[in-house]
Amino acid sequence: MHAAPPSSPQVSARMSRQANRDTGAERAVRRLLHAAGYRYRIHHPVPGMRRRKIDIAFTGIKLAVLIDGCFWHGCPEHATSPKTNAGWWRQKLDRNVQRDRETDTQLRSQGWTVRRFWEHESPEVVMRQVASVVDRRRATRDGRAEGGEE
């Protein structure tokens, strides 16, 4: 897909500043996990997929946590469709969602558990859900509990 010409210099400037990592939502969840004693990797490569990264990775238990932006990843509650260059944007955003599915499939085929969250979700709720999965996976791995399918 070729880049559409920017509709204005202001749009061009705004889009060039758009964060694609270390977003506020990611940092908030990471801060809470770290404060609770959890250790993880950030921007960990997706095995077998160039240029794709896991936002928060618990490599020892193969847990991938991805925090998706509502606009870029098609949130059913908050996604919007730009009016200018509408066709190009629709194709771009649809491809992002398709890429997310491909990434999830690849990770699962490599034995990873994948958890995706929206940027609008409460960092505290996300942290508790992630911590719960980490604790269950570690307990199962260490033989302290019988675990079921995640």
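Taking the side chain to side chain donor-acceptor pair (under 3.5 Å) definition, one finds that Arg90 meets it with Ser81, Asp94, sequence neighbours left out. Partners of Thr105 by side chain to side chain donor-acceptor pair (under 3.5 Å), not counting sequence neighbours: none found.
Salt-bridge formation is detected for the pair Arg30/Asp22: a Lys NZ or Arg NE/NH1/NH2 atom is positioned less than 4.0 Å from an Asp or Glu carboxylate oxygen. A salt bridge does not link Glu121 with Arg116: every distance from a Lys NZ or Arg NE/NH1/NH2 to an Asp or Glu carboxylate oxygen is 4.0 Å or more.
If you chain together hydrophobic residues whose side chains sit under 4.5 Å apart, Val114 and Trp118 never meet in one group. Cluster membership for Leu63 and Val29, using ILVMFWY side-chain heavy atoms within less than 4.5 angstrom, is shared. Under a hydrophobic-cluster definition in which Ile, Leu, Val, Met, Phe, Trp and Tyr are linked whenever side-chain heavy atoms come within less than 4.5 Å, directly or via other members, Ile42 and Val133 are assigned to the same cluster.
The minimum heavy-atom distance between Glu124 and Ser122, with the atom names listed, is OE1-OG, 3.0 Å. Across every non-hydrogen atom of Cys70 and His120, the tightest pair is SG-ND1, 3.2 Å.
When each of Val125, Val126, Leu66, Asp68 is paired with Phe117, the side chain to side chain contact (heavy atoms under 4.5 Å, CB included) condition holds for Val126 and for no other.
Note that the CD1 atom of Ile56 and the CE atom of Met127 stand 11.0 Å from one another [nearest 0.5 Å]. For the atom pair CD1 of Ile61 and OG1 of Thr140, the computed distance is 9.5 Å after rounding to the nearest 0.5 Å. Taking NE2 of His73 as the reference point, atom CD1 of Ile67 lies at 11.0 Å (rounded to 0.5 Å). Rounding to the nearest 0.5 angstrom, the gap separating the CZ atom in Arg137 from the OG1 atom in Thr113 is 3.5 Å. Interatomic distance, Glu102 CD to Leu107 CG, rounded to the nearest 0.5 Å: 12.0 Å. Atom NZ of residue Lys62 and atom CZ of residue Arg141 lie 12.5 Å apart, to the nearest 0.5 angstrom.
Although no hydrogens or angles enter the test, the distance criterion places no donor-acceptor pair under 3.5 Å between the side chain of Arg138 and the main chain of Gly60. Remark: side-chain polar atoms of Ser132 are not paired, donor with acceptor, to backbone N or O of Gln129 under 3.5 angstrom.
Residues Val65 and Ile54 are not in side-chain contact: their nearest non-hydrogen atoms beyond the backbone lie 4.5 Å or more apart. In this structure, the side chains of Pro45 and Lys53 come closer than 4.5 Å at one or more pairs of heavy atoms. At a threshold of 4.5 Å between non-hydrogen side-chain atoms, the residues Lys83 and Trp89 do not count as touching. You'll find the side chain of Tyr40 stays beyond 4.5 Å of the side chain of Val134, heavy atoms only.
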Between side-chain atoms of residues 32-39 and protein atoms elsewhere (two or more places apart, or another chain), which donor-acceptor pairs fall under 3.5 Å?
from	atom 1	to	atom 2	distance (Å)
Tyr38	OH	Asp135	OD1	2.9
Tyr38	OH	Asp135	OD2	3.0
Arg39	NH1	His34	O	3.0

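Side-chain N/O atoms of Arg41 and Thr59 include no donor and acceptor closer than 3.5 Å.
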